[in-house]
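Reading through the structure tokens given below for one structure.
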2 protein chains.
Amino acid sequence: MTQSRPVYLKLRDQIAAAIIEGLYPEGAMLPSVRALAAEQGANPLTVAKAYQQFQNDGLVEVQRGVGMYVVKGAAELLRRRERDLFLREEWPEIRARMERLGLKPADLVEQS
Amino acid sequence: MTQSRPVYLKLRDQIAAAIIEGLYPEGAMLPSVRALAAEQGANPLTVAKAYQQFQNDGLVEVQRGVGMYVVKGAAELLRRRERDLFLREEWPEIRARMERLGLKPADLVEQS
DNA sequence: ATGGCTGTATTATGGCACTGAAGCACCTGG
DNA sequence: CCAGGTGCTTCAGTGCCATAATACAGCCAT
């Protein structure tokens, strides 16, 4: 009934947002899989799955037995990548939907 | 890897969009479960599941043995409902995300 | 009445995503 | 060395989604 996005995707977005916002600066160590799992009430594996994608994209460096570190330039890279994805994949659909609903982007600019 | 939203949800959105846009005017008969299933390459049951929600919301009238018809005022009702949902649930998140990515709504208003 | 179209219910099955628990492999500090 | 922290692998369980095959129930034109 409720949308219920997968947990690992929520975490992924959340982590990405944190990196972009500089909450995890370049060179900083990310929270350990277990620590973040405990904090979020999730399974360590689920957190690992969320981290996985950042490794694949080369945005974090893994030091086995030590931790995962934010690569230099990760924030800017991530921002650029997300921005492109947003403009290319999501915005057109959102735009079409708003039009269908009779909402103009200009009307929403002034919202709180 | 790919998002792969459930088929029945895709159908639901697609039908809702069609109703709002007047492709299925008030009083018109919706495509039969089997017909839409064949057209979309889906299972009749899956289509039925998509239709189900519209029945529950009283947006379509079922005439068993005949077909399903769009109720009067369904389009406006649907538009209003979707609009509220959009403004309350989705827009704030989209807005936050755009801000995080360094995108201003005003910049996108002029897009094609 | 009958055939053909509607929606609906039932049951079973396969697939896949998500989550969980336990254990392995690795590094660091004492 | 070893105890504690890392990430990572494996096995298994659960639930949702989609499909399939049948059968049932209602309406209508022929």
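Just so it is clear, the structure is predicted and the values come from calculations on it, not from any experiment. Numbers restart at 1 for each chain; the letters A, B, ... are given by sequence-line order, proteins then strands. Side chains included, hydrogens not; waters and symmetry mates left out as well; all remaining heavy atoms used.
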Fill in the blank from the handout: Rounded to whole Å, the CG-P distance (Leu36(A) to dT19(C)) equals 13 Å
What protein N or O atoms touch nucleotides 8-15 of chain C N or O atoms at under 3.5 angstrom, if any, and at what distances?
{"residue": "dT8(C)", "atom": "OP1", "partner": "Gln55(B)", "partner atom": "OE1", "Å": "3.0"}
{"residue": "dT8(C)", "atom": "OP2", "partner": "Gln55(B)", "partner atom": "NE2", "Å": "3.2"}

Exercise for the section: Would you mind reading off the distance between Gln53(A) atom CD and dA17(C) atom P, rounded to a whole angstrom? Expected result: 13 Å
Practice task
Please state whether the phosphate of dT19(C), meaning OP1 or OP2, lies under 4.0 angstrom from any side-chain nitrogen or oxygen of Tyr8(A).
Solution key: no
Exercise for the section: Could you check how far CG of Leu30(A) sits from P of dG5(D), rounded to whole Å? Expected result: 19 Å
Fill in the blank from the handout: Between CG of Leu11(A) and C1' of dC18(C) the distance, given in whole Å, is 12 Å
Problem - Asn43(B) side chain vs Leu45(B) backbone, donor-acceptor pair below 3.5 Å - result: yes
Handout entry: More than 12 heavy atoms from other groups under 6.0 Å of CD on Glu93(A)
Key = no
Handout entry: Length of the line joining Gln40(B):CD and dC17(D):P, which is rounded to integer Å
Key = 19 Å
Handout entry: Nearest to side-chain heavy atoms of Asn43(B), which nucleotide of dA20(D), dC27(D), dC18(C)
Key = dA20(D)
Practice task
Taking atom CD of Glu99(A) as the centre, report whether more than 12 heavy atoms of other residues, nucleotides or ligands fall under 6.0 Å from it.
Solution key: no
Completion exercise
From CD of Gln63(A) across to C1' of dG5(D) the rounded distance in Å is 14 Å
Exercise for the section: Answer whether the closest heavy-atom distance between the side chains of Arg5(B) and Asp13(B) falls below 4.5 Å. Expected result: yes
Problem - Protein-nucleotide distance (Glu61(B), atom CD; dG7(C), atom P), rounded to Å - result: 13 Å
Problem - Between dA17(C) (P) and Lys10(A) (NZ): distance, integer Å - result: 18 Å
Handout entry: hydrophobic_cluster_shared for Met98(B) and Leu85(A), side chain cutoff 4.5 Å
Key = no
Problem - Leu103(B) reachable from Ile94(A) in the ILVMFWY side-chain graph, under 4.5 Å edges - result: yes
Problem - Residue-phosphate contact under 4.0 Å: Thr46(B) side-chain N/O, dC17(D) OP1/OP2 - result: no
Handout entry: Arg80(B) with Glu76(B): basic N within carboxylate O range, under 4.0 Å
Key = yes
